[in-house]
Amino acid sequence: MSSTAPTPGSSRSTGSTPDDLVRLRASIDNIDAALIHLLAERFKCTQQVGQLKAREGMPPADPAREEAQIARLRDLADQAGLDPTFAEKFLNFVIAEVIHHHEAIAGS
Ligand SMILES: C=C(O[C@@H]1C=C(C(=O)O)C=C[C@H]1O)C(=O)O
């Protein structure tokens, strides 16, 4: 049996996409845009660090600093209700890219 009556608790104004899904996806798009802008700002800082390190003859990676950052971000993630293991993986992914940049700056 087919029905055109709306499902209780859901409303649709855009084709067959529920309003709640449209609204949630708009929030996701805004958050993704903010993440990209924040990452771009972070990379601007780390590029400056790479230039400073190359000038001063310092190595691209600083494992002690990374260890402290991971501990701090795991704590922050826990407080924010985000999986600390995911936060650590994400930071390691970003730091690996930063170290590539620093190696490229040092070798240029
Ligand atoms: C940016 C630095 O260089 C590297 C990259 C880091 C980062 O992206 O946070 C942290 C430590 C270093 O391995 C730094 O030493 O502060």
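Worth saying up front: this structure is predicted, and the values here are computed from it rather than measured. Order of listing sets the numbers, starting from 1, for every ligand and every atom in it.
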For the residue pair Met58 and Leu52, establish whether any side-chain heavy-atom pair is separated by less than 4.5 Å. yes
Identify the closest protein heavy atom to atom 12 (C) of ligand 1: which residue and atom is it, and at what distance? Asp62 N, 3.5 Å
Joint cluster assignment, Leu73 & Val98, ILVMFWY side-chain distance < 4.5 Å: no
To atom 4 (C) of ligand 1, the nearest of Ala64, Pro60, Ala96, Pro63 on a heavy-atom basis is Pro60
N/O donor-acceptor pair under 3.5 Å between His102 side chain and Val49 backbone: no
Could you tell me which atoms of ligand 1, counted from 1 in the order shown, lie closer than 4.0 angstrom to a heavy atom of Val49? 1 (C), 2 (C), 14 (C)
To the nearest 0.1 Å, how far is atom 3 (O) of ligand 1 from its closest protein heavy atom, and which atom is that? Lys53 NZ, 2.9 Å
If you scan protein heavy atoms around atom 16 (O) of ligand 1, the nearest is Arg65 NE, 4.0 Å
Assess whether a salt bridge exists between Arg23 and Asp20, defined as any Lys/Arg side-chain N lying under 4.0 Å from an Asp/Glu carboxylate O. yes
With atoms numbered from 1 as shown, which atoms in ligand 1 lie under 4.0 angstrom from a non-hydrogen atom of Val98? 5 (C), 8 (O)
Give the atoms of ligand 1, by number and element, whose distance to some non-hydrogen atom of His102 is under 4.0 Å. 1 (C), 2 (C), 3 (O)
Would you name the heavy atoms of Ala77 and Pro84 that are closest together and state the gap between them? CB-CA, 4.0 Å
Let me check something: do Leu76 and Phe86 share a hydrophobic cluster, defined by ILVMFWY side-chain heavy atoms less than 4.5 Å apart, either directly or through other members? no
Please tell me whether His37 and Glu41 have a donor and an acceptor in their side chains that are separated by less than 3.5 angstrom. no
Heavy-atom contact under 4.0 Å between Met58 and ligand 1? no
If you scan protein heavy atoms around atom 13 (O) of ligand 1, the nearest is Glu66 OE2, 2.4 Å
One residue to check: Cys45. Relative to ligand 1, which of side chain, backbone, both or neither has a non-hydrogen atom less than 4.0 Å away? neither
For Arg42 and ligand 1, does the shortest N/O to N/O distance drop below 3.5 Å? yes
Keeping the roles fixed (side chain from Lys53, backbone from Pro60), state whether a donor-acceptor pair exists under 3.5 Å. yes
Which ligand 1 atoms, with their elements, are less than 4.0 angstrom from a heavy-atom of Gln69? 7 (C), 9 (O), 10 (C), 11 (C)
